[in-house]
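Values below: all heavy atoms of this structure, side chains included; hydrogens, waters and symmetry mates excluded. Sequential numbering from 1 along the given sequence is applied to the chain's residues.
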Amino acid sequence: MTPKPTLTERRSPWVVFTSRADPWLASETAALVQRNGLVLRLDGPEMRDAASVFRTLARELSFVGYFGHNWMALVDCLQDWHGPGHGNQDIAILIDHADDLLDADFLGMLVSVFVDAAFKSNLRLDADGELYEWRQRIAQHFVFLLDHATPAAFTETAARGMDVAVALSEGRLLATLTEWPGSDPGSAPWTAGPLAFADDEILNGLIKQGIKLFRDNLRCSIHEATDIFQSRYECLRRERPADFTVSRAEYGKGFYS
């Protein structure tokens, strides 16, 4: 059974994609603040590329001056947080207006960094996986808030992150870590790795069969499976255009524009 997302408990899922109107968010942020936790908000449109992601996080989380502005340094600063509270408060980092990140080529890496950092913060691990016995455990979670896009549409991109597993539950997309001992396994209800199990159907224009594969493998609704199918289709169109046996025009009239 997929665990219900949380912002107050020290457990996965570490990353959640959901609608900004989701009542779960208001309830969880209120509970976190009541427990003296921090809620910090980032602006999704500011995060246009990797460089702007590093700048935005460094500024809003008050990273140390020697932050290296690269992905490994980001993991280090997040899991051993140097911002307000100095790592002694539970924290939820919300990314507002995250719809624009749907097509960002760095999104899989960003999700991977977030789940890695959150897992290490929870277990008091340093960058090398060694235990900081003296450090307080903190809950760290990340939420992508969507104005119009559906969480399911982000499934394919998020699943590309290294050591990331995803699941769909109650209309939300959840992400966790698969690599470390004690983390969630990359098995049902979690799905790990690129969502390639319907590639043959996508490449050959078998829309209904492909959607059914996504629905069955991810245990999601047909509407969510359709969004995932379309995201994977666009990915394959970019990466393997010569492999398609049907043209866009032939690919289900009205299905894609």
Side-chain angles (χ1 to χ4, degrees), residues 1-7 9 11-29 41-42 44 47 53 92-119 140-178 183-198 210-211 213-235:
M1 192 171 176
T2 309
K4 189 175 180 65
T6 177
L7 298 182
E9 298 177 36
R11 62 167 175 82
S12 75
W14 311 114
V15 174
V16 179
F17 290 78
T18 191
S19 165
R20 65 183 175 91
D22 188 345
W24 164 84
L25 179 71
S27 173
E28 283 293 308
T29 52
R41 307 190 82 109
L42 310 179
M47 303 165 73
V53 168
I93 298 172
L94 313 183
I95 302 174
D96 290 305
H97 315 300
D99 302 61
D100 290 346
L101 297 177
L102 178 58
D103 297 321
D105 58 5
F106 60 81
L107 182 61
M109 176 63 78
L110 182 60
V111 172
S112 179
V113 164
F114 282 168
V115 298
D116 190 7
F119 179 76
Q140 186 177 89
H141 295 90
F142 301 85
V143 185
F144 291 81
L145 297 175
L146 309 175
D147 297 315
H148 307 293
T150 65
F154 287 78
T155 307
E156 193 278 331
T157 310
R160 290 194 218 172
M162 183 183 302
D163 301 315
V164 171
V166 297
L168 288 156
S169 178
E170 298 182 338
R172 307 178 189 105
L173 172 64
L174 315 176
T176 191
L177 181 73
T178 64
S183 58
D184 298 290
S187 59
W190 298 102
T191 300
L195 306 182
F197 37 73
I211 290 173
L213 276 173
F214 282 122
R215 186 186 63 189
D216 293 346
N217 279 274
L218 297 172
R219 303 181 184 180
C220 61
S221 71
I222 191 168
H223 299 293
E224 291 172 326
T226 301
D227 285 340
I228 298 164
F229 182 99
Q230 184 164 358
S231 296
R232 185 65 182 171
Y233 167 90
E234 296 297 345
C235 168

Suppose we screen for side chain to side chain contact (heavy atoms under 4.5 Å, CB included). Which residues come up paired with [X], at least two apart in sequence or across chains?
X: A225; result: I211, F214, R215, C220
X: T155; result: A152, V166, L168, L173, L195, L218, I228
X: S221; result: H223, E224

Taking all heavy atoms of [X] and all of [Y], pick out the closest pair and write down the distance.
X: P151; Y: G171; answer: CG-O, 3.2 Å
X: L25; Y: V143; answer: CD1-CG1, 4.4 Å
X: I95; Y: G44; answer: CG2-CA, 3.8 Å
X: L145; Y: D96; answer: CD1-OD1, 3.3 Å
X: V164; Y: A158; answer: CG1-O, 3.6 Å
X: L174; Y: W190; answer: O-CZ3, 3.7 Å

Euclidean distance, [Y] [atom2] relative to [X] [atom1], rounded to 0.5 Å:
X: L94; Y: T29; atom1: CG; atom2: OG1; result: 7.0 Å
X: I93; Y: F114; atom1: CD1; atom2: CZ; result: 6.5 Å
X: F142; Y: L42; atom1: CZ; atom2: CG; result: 9.0 Å
X: L102; Y: E234; atom1: CG; atom2: CD; result: 9.5 Å
X: D163; Y: L177; atom1: CG; atom2: CG; result: 6.0 Å
X: L101; Y: F106; atom1: CG; atom2: CZ; result: 5.0 Å

Query - Test side chain to side chain donor-acceptor pair (under 3.5 Å) applied to T150 - qualifying residues, sequence neighbours left out - result: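 For T150, the residues satisfying side chain to side chain donor-acceptor pair (under 3.5 Å) (neighbours in sequence not counted) are D227.
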Requested in this report: State which residues pass salt bridge (Lys or Arg N to Asp or Glu O under 4.0 Å) with R160; sequence neighbours excluded, sorted by chain then number.
Outcome: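 For R160, the residues satisfying salt bridge (Lys or Arg N to Asp or Glu O under 4.0 Å) (neighbours in sequence not counted) are E156, E239.
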**Report entry** N/O donor-acceptor pair under 3.5 Å between S12 side chain and W14 backbone
**Finding:**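 No; judged by distance alone, with no hydrogens or angles, the pair does not exist.
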Requested in this report: For H141 and R11, indicate whether the former's side chain and the latter's backbone hold a donor-acceptor pair under 3.5 Å.
Outcome: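 The answer is yes, because a donor-acceptor pair under 3.5 Å joins these two groups.
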Report task. Step by step, work out the side chain to side chain contact (heavy atoms under 4.5 Å, CB included) result for E170 and K4. Result -> CA-CA 9 Å; E170 298 182 338; K4 189 175 180 65; 3.4 Å; yes
Query - Close side-chain approach of M162 and D116, heavy atoms under 4.5 Å - result: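 No, their side chains stay 4.5 Å or more apart.
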Query raised in the report: Do any pairs count as a side-chain hydrogen bond (donor to acceptor under 3.5 Å, both in side chains) and have a residue in residues 99-113, sequence neighbours left out, and if so which ones?
Result: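 Applying side-chain hydrogen bond (donor to acceptor under 3.5 Å, both in side chains) to every pair that reaches into residues 99-113, excluding sequence neighbours, yields nothing.
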Query raised in the report: By ring pair (Phe, Tyr, Trp, His ring centres under 6.0 Å), which residues pair with F17, not counting sequence neighbours?
Result: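 With neighbours one apart ignored, the set is F144, F154.
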Query raised in the report: Checking side chain to side chain contact (heavy atoms under 4.5 Å, CB included) for the pair W24/T6: CA distance, chi angles, key distance, verdict?
Result: CA-CA 9 Å; W24 164 84; T6 177; 5.8 Å; no
**Report entry** All pairs passing salt bridge (charged side-chain N to carboxylate O under 4.0 Å, His left out) where residues 13-28 contributes a residue, at least two apart
**Finding:**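 Only R20-D147, D22-R172 qualify under salt bridge (charged side-chain N to carboxylate O under 4.0 Å, His left out).
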